[in-house]
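We name chains A, B, ... by the order of the sequence lines, and we start the count at 1 in each one.
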Number of protein chains: 2
Amino acid sequence: MSLRNERIRLSAADWEAGALAMIAEQGVNALAVEALARRLGVTKGSFYWHFPTREALLKATLQRWEAGDEHDLDARIASITEPRARLRELFQWVAREVQPHRAYAALLQAMDQPAVMEVMGRVSQRRMDFLERSYREVGMAEAEALHRARLAYAAYVGFLQLTLIPDLPRLSHEQFEAYVDHVIATLVPD
Amino acid sequence: MSLRNERIRLSAADWEAGALAMIAEQGVNALAVEALARRLGVTKGSFYWHFPTREALLKATLQRWEAGDEHDLDARIASITEPRARLRELFQWVAREVQPHRAYAALLQAMDQPAVMEVMGRVSQRRMDFLERSYREVGMAEAEALHRARLAYAAYVGFLQLTLIPDLPRLSHEQFEAYVDHVIATLVPD
DNA sequence: CGTTTACCATACGCATACGTACGGTGTATT
DNA sequence: AATACACCGTACGTATGCGTATGGTAAACG
């Protein structure tokens, strides 16, 4: 038969990429084997050749996402030497590029699954440590830097959650910029 | 047969209360009809006498929760006239009493379900409006009050999320108090 | 050119969870 | 006391989604 004109041959990486896209768009719960297979134009007979189980796909996808996330942070933010500028750039980064944070927001809503919880624990700890070091570099005492890092990270996580509530009035571009400026002014010293 | 010694006769309100407890403990996804029936010591034959569907139970439970939430806010916080004291009391309230916020945190993780999304939209808007009014009362300009309200609410939501990540080091009581003091000092003027 | 390998389709088994049908029992009502 | 009603148990039908078994096909390889 073969109705499809373009021959499709997938690798494990293709499945992981599709899974990540599906998570970002519809959440972890929507990550079903057969749905993903349809999305990729094949059937699940293909899937179970690449992965032994759905759980294996999820873990591989999370691992890939975590590595990419860490890489982005290192490349864009950690390279900035001046701590205040680094913090400002961090806030503006998460403000400008919404797309990479959709997956993070989706994973926040799936913490009941152990595999997700494990990754989010590591990622959150790493980000908060990064924030804490930056705040210490601008002269904050140990305890204060820790608290401010926690507050800043909570503000980030909470903001992502709020963007997921469609009933809330969406921010226009100017409002959004003004909000980010306000956050920076409030949470970044000087 | 009737192995149970105590006769159990339930009302719709009993089912709603049980559902709310189940949501707070294990999340919205864990709210299954037969599981809840076991928890209440009956079978699902009982459930479908009180409710036509699982969705109906969820909506009724959410409605009950929303009413209680609004009542608590009015009784404890809104009655405080001095705006700065009101804001401080608000932060300390959500800090001291963790239990009432478990349901809120659980609902945050179930935003993919339309019924949940609708309620969370209303509740979030109401809370942010309340924060904005309070900030305006302490003398903030309109735009700044709006931004600060958003930031404060995001910090609340994010903090709840972070408490759900068990891999993160838990805060001791003193650390927790110090953190709340830091948040108040940072987000409440003067 | 024949065979192995990599990838995929189809059909099936099975568990979970919703919802339905219907019969049963205790309590209230007349 | 007889009947109706409120509440519950049991058995069943059905949909979904995971995982398995097995056969098929195109491309790579000897």
Is the distance between the ring centroids of [X] and [Y] under 6.0 Å?
X	Y	value
A:F91	A:Y156	no
B:W15	B:F47	yes
A:Y135	A:F130	no

Note to self: If you assign each of A:G45 and B:W15 to its closest nucleotide in DNA chain D, which residue comes earlier from the 5' end?
What the structure shows: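 Of the two residues, B:W15 wins.
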
Side chain of [X] (C-beta onward), nearest among [options]:
X	options	answer
A:S46	D:dG9, C:dC8, D:dG17	C:dC8
A:T43	C:dA9, C:dT20, D:dC7	C:dA9
A:V42	D:dC18, C:dA9, C:dC18	C:dA9
B:W49	C:dA9, C:dC18, D:dC7	D:dC7
A:L10	D:dC8, C:dC8, C:dG19	C:dC8
A:K44	D:dG19, C:dC7, D:dC8	D:dG19

Subject >> Any B:H50 side-chain nitrogen or oxygen under 4.0 Å from OP1 or OP2 of D:dC8 >> reply: yes

Reckon A:T53 has a side-chain N or O less than 4.0 Å from the OP1 or OP2 of D:dG19?
yes

In whole angstrom, give the distance that lies between atom [atom1] of [X] and atom [atom2] of [N].
X	N	atom1	atom2	result
B:R38	D:dC8	CZ	C1'	16 Å
B:N29	D:dT16	CG	C1'	15 Å
A:F47	C:dC7	CZ	P	15 Å
B:Y48	C:dG23	OH	C1'	19 Å
B:R9	C:dG26	CZ	P	10 Å

Original post:
Backbone N or O of B:Q175 within a donor-acceptor pair of the B:S172 side chain at under 3.5 Å?
Top reply: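 Judged by distance alone, yes, a pair lies under 3.5 Å.
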
For A:W93, the ring pair (Phe, Tyr, Trp, His ring centres under 6.0 Å) test, sequence neighbours excluded, returns A:H101

